[in-house]
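The structure appears right after this line, and notes come after that.
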Number of protein chains: 2
Amino acid sequence: MKASLEQHLSSLQNATTLEDLQGVTEALRDHYKTSHVVYHWVNSIGERFGAGTYSPEWVDRYLEKDYLRLDPVIFGCFQRFTPVIWKELDWSSKPARAMLQDAMDHGLGNQGYTIPIRGPAGQFALFTLNTQAEDQDWHAFIDANARDLMILAHELNKKALEFEQWGDAATTPMLSPRELSAMTYLAKGMNRAQAAAEMTISEHTLRVYIESARHKLGALNTTHAVARALATGVIIV
Amino acid sequence: MKASLEQHLSSLQNATTLEDLQGVTEALRDHYKTSHVVYHWVNSIGERFGAGTYSPEWVDRYLEKDYLRLDPVIFGCFQRFTPVIWKELDWSSKPARAMLQDAMDHGLGNQGYTIPIRGPAGQFALFTLNTQAEDQDWHAFIDANARDLMILAHELNKKALEFEQWGDAATTPMLSPRELSAMTYLAKGMNRAQAAAEMTISEHTLRVYIESARHKLGALNTTHAVARALATGVIIV
DNA sequence: TTCCACCTCACTATTTTAGGGGAGTAAGAA
DNA sequence: TTCTTACTCCCCTAAAATAGTGAGGTGGAA
């Protein structure tokens, strides 16, 4: 088992195309004898990058139906640091259960294990194993492989970031210290007068910072600017 | 070596107090025969949580001098997914070199290795090993221990998040689907007219959603509401 | 030294948003 | 059934945001 992990990691490190990544997920699926192995980015616009063994039909359906918005796996992973076992999530809502049924109709198993991975500039990705199994067998499998899976998830994301060149200096705008402060205070709910008072500058000056930050962030309005600053990790509330 | 990693992980998992974490970092320092082992959060306000073997004097000085803002380690880690070897960073700026000298005067070694760790809601932490060594020895040490250190970093952060009870379910309010949509469109930079058009409702109705979402989120204004929705992970941009 | 980014302040103008009301319908839970 | 929650629509005024313009001082880098 251990030797095989190294094998997969090595073929992962040699990967140069998306097809190579795809091949790695397929090899992992066969190795772990699961139904599916998937790595993919997550954002609200839709999947921009991913490799895995899900059928194209299911991926299309997932995006088309906007399942991203109601998928408890996404929601759970987004709020946690640790991996999630699908069965332990909250499936009480009707749409969520309908989605799960839909997934099973598209060849997914009843058991899943998803590792959230976070990179710079708010990057968020998931590494998922899915299969048909009994609860106890699945838990035993997770216990046995959790650490290897974490390393795999990490290496997959590293490779994906290389491919996409996420968050290189060009794409993450540099805000000046005062701009950062301004955005931070706004994100904390202060109005301009309060933020200006906090920074001991005039409200006019504060506006200049907000405006310049907004332009640097390519934002359409102040709320958008704060949202982007938060999402890209430029500021932390 | 391998058995010892398990030992450290086990004592980490049994940790219930900050002092226990502190003990783990000290044990790790002794085990790896380095000068320092440190885990700490990073945010714009300053250090809120951390455990490590740095002298209190150095920690105080670091915060007092606002080194957080100019530290190439912080900056480098914030932009990367992979760990950084200090020597490979850009130390060309004068204040950065001054800080490094200051650090050495406070008992730090010339070599460092820092792993960035990201959690939900923009949480950002660092796990650092620091020591006095030759370049080649340090590289050999990193090569030999990189994977173990990654696992340690991960487990340390997991524990830290438990301590701080980051993002537990009770604190994350449930927004209705329409409220979620409204917040999402606002976070994308739409104004109310655009968002209302997107949701095919009147702008008046949209405002009701924004208001109710704002109240549920305990936000002072719309920007604050979007910021909180993003930070708590209820919406994804 | 010269340049550039940053910090600070000011003015004017229009458009948009905030925040406070109230009120009716439909669906689902107790 | 009743109660609650979600969804939809409408009114008002004061505050905030936006989009330009300008200009002077500082400090670091080439």
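In what follows, chains are A, B, ... by sequence order, proteins preceding strands, each numbered from 1.
- Rounded to an integer number of Å, the gap from L220(A) CG to dT16(C) C1' is 14 Å.
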So which protein nitrogen or oxygen atoms get under 3.5 Å of nucleotides 6-10 of chain C's nitrogens or oxygens?
{"unit_1": "dC7(C)", "atom_1": "OP1", "unit_2": "R178(A)", "atom_2": "N", "d": "3.2"}
{"unit_1": "dC7(C)", "atom_1": "OP2", "unit_2": "S176(A)", "atom_2": "OG", "d": "2.4"}
{"unit_1": "dT8(C)", "atom_1": "OP1", "unit_2": "R178(A)", "atom_2": "NH2", "d": "3.0"}
{"unit_1": "dT8(C)", "atom_1": "OP2", "unit_2": "R178(A)", "atom_2": "NE", "d": "2.6"}
{"unit_1": "dT8(C)", "atom_1": "OP2", "unit_2": "R178(A)", "atom_2": "NH2", "d": "3.2"}
{"unit_1": "dT8(C)", "atom_1": "OP2", "unit_2": "Y209(A)", "atom_2": "OH", "d": "2.5"}
{"unit_1": "dC9(C)", "atom_1": "OP2", "unit_2": "S202(A)", "atom_2": "N", "d": "2.7"}
{"unit_1": "dC9(C)", "atom_1": "OP2", "unit_2": "S202(A)", "atom_2": "OG", "d": "3.4"}
{"unit_1": "dC9(C)", "atom_1": "OP2", "unit_2": "T205(A)", "atom_2": "OG1", "d": "2.8"}
{"unit_1": "dC9(C)", "atom_1": "O5'", "unit_2": "T205(A)", "atom_2": "OG1", "d": "3.4"}

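- Along DNA chain D, the nucleotide closest to P95(B) and the one closest to H215(A) are compared, and the more 5′ of them pairs with H215(A).
- Taking the six-membered ring where the residue is Trp, F49(B) and F163(B) present perpendicular rings, their angle passing 60° and hence far from 30°.
- If you take CG of L186(A) and C1' of dA16(D), they are 11 Å apart, rounded to a whole angstrom.
- A side-chain donor from one of D102(A) and H106(A) sits under 3.5 Å from a side-chain acceptor of the other.
- For N191(A), no side-chain nitrogen or oxygen approaches OP1 or OP2 of dA15(D) to under 4.0 Å.
- Using a 4.0 Å heavy-atom distance criterion, R207(A) is classed as a base contact.
- Regarding M190(B), its CE atom lies at a distance of 13 Å from the P atom of dT17(C), rounded to whole Å.
- Side chains of T82(A) and R80(A): a donor-acceptor N/O pair is present below 3.5 angstrom, by distance only.
- Ionic pairing of E155(A) and K159(A) is not present here: no N-O contact between side-chain nitrogen and carboxylate oxygen is shorter than 4.0 angstrom.
- Ring planes of W58(A) and Y62(A): perpendicular class, angle over 60° (limits at 30 and 60°).
- Checked by atom type, the side-chain pair S35(A)/Q132(A) shows no donor-acceptor distance below 3.5 Å.
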Close N or O pairs between protein and nucleotides 24-30 of chain C (under 3.5 Å):
none

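- Rounding to whole angstrom units, CD1 of residue I210(A) and P of dG20(D) are separated by 17 Å.
- A straight line from CD of E211(A) to C1' of dT12(C) spans 15 Å, rounded to a whole angstrom.
- Side-chain contact, Q123(B) with N157(B): a donor N or O sits under 3.5 Å from an acceptor N or O.
- Checked against the 6.0 Å centroid criterion, the rings of H154(A) and F127(A) do not qualify as a close aromatic pair.
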